[in-house]
Amino acid sequence: MHAEGETDGGSASEPSAEPEPPEPGSTPRIPVFPSVASVEIRCPASEGAEVDVAWIRDRADSVIRLVATEHDAAIDRCTVRIVDDVEMSAAHERFSGVPGPTDVLTFVSDSGGGLEIDLLACLDEATRRVESFDHDVTHELLLYVVHGVLHSVGHDDHDPASHARMHAEEDRLLTEIGVGPVYRADGGRG
């Protein structure tokens, strides 16, 4: 597993080798994108918080299906663990070498049949951020999930141009599934 954007030497978004052309007279095989085997949201940090885990899971499933189709990527599993500042800070330092909490950490591995995505999303960070925005913590956590899934298929946000592209893609996906923009490419929140 790798933290935010790291891969096993190849990018999940690199095109695979071209398949052999079909034999004359045969029916060409149309690629079928497997459904996500499972989307699981674990929320031990949410005691006392108003987090609609089922709502996040349902929308995350929709986004993952779109991303898998649009990026020609098989995604076998996505597990999201919603954690507090203490757990996120420890993971952030351990895997990224950066002290303190962050919003989301992405870990991705390739099972051979598809990507397995593990995300850590920080409830405390989401709670702090929504204090000045016009949406709730559940929407903010969904944004973190979308952000992590995009990292898993090769999106990057380490320079201004890629940052703008990635956040515009988040808004597009969230709009496509009926949620609407939560983070705008101009740096503001929806």
Side-chain angles (χ1 to χ4, degrees), residues 1-6 36 38-64 66-67 75 77-108 117-153 155-158 160 162-190:
M1 288 202 273
H2 304 282
E4 264 185 296
E6 295 178 22
V36 175
S38 68
V39 175
E40 182 179 347
I41 311 287
R42 298 181 196 151
C43 196
S46 70
E47 197 169 308
E50 291 187 32
V51 176
D52 188 342
V53 173
W55 185 90
I56 295 171
R57 183 190 56 244
D58 292 347
R59 276 128 196 101
D61 181 68
S62 295
V63 165
I64 290 167
L66 279 171
V67 168
I75 300 174
R77 177 186 55 76
C78 180
T79 301
V80 180
R81 182 173 165 85
I82 300 173
V83 299
D84 62 14
D85 275 342
V86 173
E87 191 169 346
M88 181 57 88
S89 294
H92 198 204
E93 179 129 21
R94 178 177 178 202
F95 296 108
S96 300
V98 179
T102 189
D103 51 2
V104 62
L105 286 176
T106 301
F107 303 89
V108 61
I117 304 166
D118 292 291
L119 303 172
L120 289 180
C122 187
L123 177 60
D124 293 333
E125 184 70 15
T127 301
R128 282 188 295 274
R129 288 189 181 179
V130 299
E131 287 177 2
S132 59
F133 302 129
D134 197 21
H135 61 265
D136 64 20
V137 72
T138 299
H139 281 76
E140 186 75 6
L141 289 167
L142 176 62
L143 174 65
Y144 298 171
V145 173
V146 173
H147 189 84
V149 168
L150 287 173
H151 270 305
S152 75
V153 295
H155 283 263
D156 177 344
D157 60 350
H158 292 92
S162 61
H163 181 272
R165 278 190 305 274
M166 186 167 187
H167 292 298
E169 181 66 359
E170 291 165 357
D171 282 351
R172 185 190 68 80
L173 289 166
L174 289 167
T175 299
E176 181 95 11
I177 65 164
V179 173
V182 176
Y183 190 109
R184 294 188 314 261
D186 65 7
R189 300 275 171 128

Hey, mind stepping through V149 and L173 against side-chain contact (heavy atoms from CB on, under 4.5 Å) and telling me if it holds? CA-CA 11 Å; V149 168; L173 289 166; over 6 Å; no
[atom1]/[X] to [atom2]/[Y] distance, rounded to the nearest 0.5 angstrom?
X: H92; Y: D85; atom1: NE2; atom2: CG; value: 12.0 Å
X: E40; Y: D118; atom1: CD; atom2: CG; value: 9.5 Å
X: T106; Y: H147; atom1: OG1; atom2: NE2; value: 6.5 Å
X: D156; Y: H163; atom1: CG; atom2: NE2; value: 10.5 Å
X: I64; Y: L150; atom1: CD1; atom2: CG; value: 10.0 Å
X: H167; Y: S162; atom1: NE2; atom2: OG; value: 9.0 Å

Run the side-chain contact (heavy atoms from CB on, under 4.5 Å) test on D124 and M88 for me, step by step, so that the C-alpha distance in whole Å, both residues' side-chain angles and the decisive distance to 0.1 Å come before the verdict. CA-CA 9 Å; D124 293 333; M88 181 57 88; over 6 Å; no
Just say parallel, tilted or perpendicular for the rings of H158 and H151, cut-offs at 30° and 60°. tilted
Quick one: sort the H135 and H139 rings into parallel, tilted or perpendicular, breaks at 30° and 60°. tilted
Could you report the tightest heavy-atom contact between [X] and [Y], atom names first, then the distance?
X: G148; Y: L119; answer: CA-CD2, 3.7 Å
X: V104; Y: Y144; answer: CG2-O, 3.6 Å
X: A121; Y: L141; answer: CB-CD2, 4.1 Å
X: R129; Y: F133; answer: O-CD1, 2.6 Å
X: P101; Y: R128; answer: CG-NH2, 3.9 Å
X: G97; Y: P99; answer: O-CD, 3.9 Å

Please check: side-chain N/O of [X] versus main-chain N/O of [Y], any donor-acceptor pairing under 3.5 Å?
X: R172; Y: A168; answer: no
X: T138; Y: D52; answer: yes
X: D84; Y: E87; answer: yes

Assess whether side-chain contact (heavy atoms from CB on, under 4.5 Å) is satisfied between I177 and L66, documenting all intermediate values. CA-CA 9 Å; I177 65 164; L66 279 171; 3.7 Å; yes
Between D136 and E50, is the side-chain contact (heavy atoms from CB on, under 4.5 Å) condition met? List the steps. CA-CA 9 Å; D136 64 20; E50 291 187 32; over 6 Å; no
For the side-chain contact (heavy atoms from CB on, under 4.5 Å) test, which of V182, L174, V80 pairs with L142? L174
Thinking salt bridges, do R165 and D157 make one under a 4.0 Å N-O criterion? no
